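Right, one structure below, let's go through it.
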Amino acid sequence: METTKVVLGNARGEVQLFSDDKKAGKMDISVIKDKLTVYHTEVDEEYAGKGFAKILLNQLVSYARENDLKIVPLCPYVHAQFKRNPEEYNDIWFKEEI
């Protein structure tokens, strides 16, 4: 069974994913004011191809919505998902205005 949790300390932290009590993946994040920046998504090799990155993304998005945060997607995986599905993420996607 997969479980997730957000662990934050001093603005930096992780979204962690566990499968049967073993850490299977994580996202490196920081929260400063109303912005949640995601830097990196990582899933252990033995769990690759099982949709675990998407589970992490869903937890990240839920956390942002629950806490009125905008996501700055510096992580290539998250940025690609946001670009592919903008209607799903527009409400929490921080886009710098030029």
Side-chain angles (χ1 to χ4, degrees):
M1 161 141 176
E2 285 71 54
T3 58
T4 57
K5 70 178 171 183
V6 177
V7 179
L8 278 174
N10 283 347
R12 290 194 65 88
E14 295 179 340
V15 178
Q16 300 175 340
L17 171 65
F18 294 86
S19 181
D20 298 323
D21 294 324
K22 183 178 177 199
K23 192 171 180 184
K26 68 179 179 105
M27 285 181 156
D28 296 325
I29 63 170
S30 68
V31 177
I32 299 172
K33 296 188 181 179
D34 63 344
K35 291 186 187 72
L36 187 163
T37 303
V38 56
Y39 301 98
H40 178 70
T41 300
E42 182 177 311
V43 174
D44 287 356
E45 243 180 77
E46 69 181 277
Y47 300 103
K50 297 182 179 179
F52 281 20
K54 182 70 172 176
I55 293 170
L56 283 163
L57 178 60
N58 290 342
Q59 177 62 36
L60 179 81
V61 168
S62 293
Y63 183 83
R65 288 185 175 133
E66 289 166 13
N67 293 280
D68 293 320
L69 300 169
K70 293 286 189 181
I71 296 175
V72 180
L74 298 184
C75 166
Y77 170 75
V78 175
H79 191 254
Q81 292 301 313
F82 279 24
K83 284 182 76 169
R84 271 189 217 124
N85 306 290
E87 67 288 338
E88 191 175 339
Y89 302 113
N90 267 338
D91 64 317
I92 44 94
W93 185 359
F94 178 80
K95 298 177 188 174
E96 283 205 61
E97 296 176 16
I98 301 169

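Numbering starts at 1 and runs along the sequence shown. Treat the numbers as computed from the prediction; the structure is a model and nothing was measured.
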* To do: First locate atom CG of Asp28, then atom CZ of Arg12, and finally report the distance between them rounded to the nearest 0.5 Å.
  => 7.0 Å

* Distance, nearest 0.5 Å, that separates NZ of Lys26 from CD of Gln16 -> 9.0 Å

* Structure fact -> Heavy atoms of Ala64 and Ile92 approach each other most closely as CB-CG2, 4.3 Å

* When rounded to the nearest 0.5 angstrom, what is the spacing between CG in Leu8 and CD in Glu14? -> 10.0 Å

* Among residues two or more places apart or on two chains, list those pairs meeting side chain to side chain donor-acceptor pair (under 3.5 Å) that have a residue in residues 62-72. => Arg65-Asp91

* Side chain to side chain, Leu56 and Val43, heavy atoms closer than 4.5 Å -> yes

* Got a sec, which residues hit side-chain hydrogen bond (donor to acceptor under 3.5 Å, both in side chains) with Asp20, two or more places apart in sequence or on another chain? -> none

* Asked: Which pairs, with at least one residue in residues 73-89 and sequence neighbours excluded, count as a side chain to side chain donor-acceptor pair (under 3.5 Å)?
  -> Lys54-Tyr89

* **Partner of Leu17 by side-chain contact (heavy atoms from CB on, under 4.5 Å), out of Thr4, Asp44, Thr41** => Thr4

* Asked: Rounded to the nearest 0.5 Å, how far apart are OH of Tyr39 and CD1 of Ile29?
  -> 9.5 Å

* Give a yes or no on this: more than 12 heavy atoms of other residues, nucleotides or ligands lie within 6.0 Å of atom CG of Asn90. => yes

* **Considering all heavy atoms, the nearest Ile32-Ala11 contact** => CG1-CB, 4.3 Å

